[in-house]
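Notes for the one structure printed next.
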Amino acid sequence: MELDSLHNMDFVLLGALAVLFIAQVYWYARYVCAPARRIRRDKKSPITNDQSPIPNGVSVILCAHNESDNLSNYLQVLLTQDYPLYEVIVVDDGSEDSTRDVIERYMAADKRLRRTFVPYGARVGSTKKLALTLAAKAAQYDWLLLTDADCVPESNKWISRMMSGFGPGTKDIVLGFSPYFEEKGWVNRVVRYETLFNGLHYLGAALCGHPYMGVGRNLAYRKSLFFESGGFTHLMNNRAGDDDLFVNHVATPENTAVVLARDSFTWSPSKRTLKEWWQQKRRHLSVSHQYKPVTKFRLSLEPLTRGLFYAAVLTAVICYALGTLSFVTLYIALGLFLIRWIIQTAVINTSARRMGLKRFGMLTVLWFDIFLPLVNLWMVSVPKRQGKW
């Protein structure tokens, strides 16, 4: 009997909800679930070194700007990796603390450590890109493995795990994952959730044949690819983009691999204040408009369908309160909302569990699912003039 009371508005709203719900579930099932599926598959059929030959030599590169404390804490971990042939190149990017002294102290004890520096007064928009370019030129091996001075590998198998992604030499880029340490505070929780969610997105897209970005805290590529593609020639005046823009321009389904073994992770401390986190997000989003058109189109689909889905559910609630909508339509709308919420939480927490990360409560997932897209929209809509890294 109640179905007879449905009007055109009910059918239109139910149709929109169904389409948006299917789009969201498809996105989670295909892309966000892909890393968890890969981890499960790898555990069932672990890849041996015999199956995936490892390159002979690797140049580990990190840039340092006033990083004496972090280098003192983490540099030794890089120099004790269980890998037969590698070097570590630290680029001193205009440090004013004791960074140089720390590097030279380690250099005296280990010849695999090398130091270079960014010339004083270099007039470029991003001295970090210049630093990475100088390091790539100085590297004696064709495989470059990038990380940051405040990052620490999960284990002494980090280099070996990341390099296994190159396989028998068929890949040019290897994407890794770099979570943040769990600490107290709301900002840390936001950063950890956003890092996991974004990681599942770009790693899942790469696993599905659509690589579009990487993270410089854990990223490897061939030196020859870097220079043959022009490196950062067209990106030098951008404040950010030394990792995501470069990968976006050169990555293909054929030349890109993903490594998700826990031993391949690098960890780093998150921003501690809301201001620091805000500035970091602004810097990252400031170059998003330079992604390939197809990348921008794909990246816009998920938040667009997500926002429209929330808007449709909210419309159903308001219209029912005004008496212009059937309660059947309202119940269906709320039911789809609940099902999507459960699926989303299950997918994110299953992925977190398989990656060995802390899981998030349902209310936390819902809050961040609404809050973070609004922050991103605000930052993209109100851009800030780029400065120098």
| request: Any chance you could lay out the side-chain hydrogen bond (donor to acceptor under 3.5 Å, both in side chains) test for Arg217 and Ser178, step after step, and finish with the verdict? | output: CA-CA 6 Å; Arg217 300 191 305 275; Ser178 183; 3.0 Å; yes
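- The two residues Gln76 and Thr80 come nearest to each other via the heavy atoms O-OG1, 3.0 Å.
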| Can you check salt bridge (Lys or Arg N to Asp or Glu O under 4.0 Å) on Lys128 and Asp93, steps first, answer last? | CA-CA 7 Å; Lys128 184 176 183 181; Asp93 186 7; over 6 Å; no
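- Aromatic ring orientation, Phe368 versus Phe371: tilted (interplanar angle from 30° to 60°).
- Ser160 contributes no side-chain N or O that, together with a main-chain N or O of Lys157, makes up a donor-acceptor pair within less than 3.5 Å.
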| task | Go through the steps to decide whether Tyr86 and Arg112 satisfy the test side-chain hydrogen bond (donor to acceptor under 3.5 Å, both in side chains), and finish with yes or no. | result | CA-CA 7 Å; Tyr86 73 97; Arg112 293 174 301 176; 3.2 Å; yes
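- Contact record, Thr266 with Cys151: CB-CB, 4.3 Å, taken as the closest heavy-atom pair.
- In this structure, Leu71 CG and Asp97 CG are separated by 8.5 Å, a value rounded to the nearest 0.5 Å.
- Side-chain contact between Leu17 and Ile332 is absent, with no heavy-atom pair separated by less than 4.5 Å.
- Between Leu78 atom CG and Thr147 atom OG1 the span is 6.5 Å, to the nearest 0.5 Å.
- Checked by atom type, the side-chain pair Thr99/Asp92 shows no donor-acceptor distance below 3.5 Å.
- Ring planes of Phe181 and Trp267: parallel class, angle under 30° (limits at 30 and 60°).
- To the nearest 0.5 Å, atom OH of residue Tyr193 and atom OG1 of residue Thr364 are 9.5 Å apart.
- When all heavy atoms are compared, the tightest approach of Pro269 to Glu183 is CB-OE2, 4.0 Å.
- Between Tyr28 and His201, a ring centre-to-centre spacing not shorter than 6.0 Å is recorded.
- For the pair Arg340 and Phe21, the cation does not sit on the ring face, since its NZ or CZ is not both under 6.0 Å from the ring centre and inside 45° of the axis.
- Put simply, CD1 on Ile342 and CE on Met362 are 5.0 Å apart, with the number rounded to the nearest 0.5 Å.
- Nearest heavy atoms, Cys63 versus Ala131: SG-CB, 3.7 Å.
- Ring geometry, Phe246 versus Tyr221: the interplanar angle falls from 30° to 60°, so the pair is classed tilted.
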| task | Starting from the C-alpha separation in whole Å, work towards a yes-or-no answer on side-chain hydrogen bond (donor to acceptor under 3.5 Å, both in side chains) for Asp244 and Tyr291. | result | CA-CA 9 Å; Asp244 56 342; Tyr291 282 1; 2.7 Å; yes
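- Nearest heavy-atom pair, Phe177 versus Asn218, reported as atom, atom and distance to 0.1 Å: O-ND2, 3.0 Å.
- In terms of the side chain to side chain donor-acceptor pair (under 3.5 Å) criterion, residue partners of Asn255 (sequence neighbours excluded) are, by chain and number, Thr252.
- When every heavy atom of Arg30 is checked against every heavy atom of His210, the shortest pair comes out as NH2-NE2, 4.4 Å.
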| task | Could you give me the CA-CA distance, side-chain angles and deciding distance for Asn188 and Ser270, then say whether side-chain hydrogen bond (donor to acceptor under 3.5 Å, both in side chains) is met? | result | CA-CA 6 Å; Asn188 177 261; Ser270 69; 3.0 Å; yes
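- Checked for salt-bridge contact, Asp172 and Lys223 miss the test: no charged N lies under 4.0 Å from a carboxylate O.
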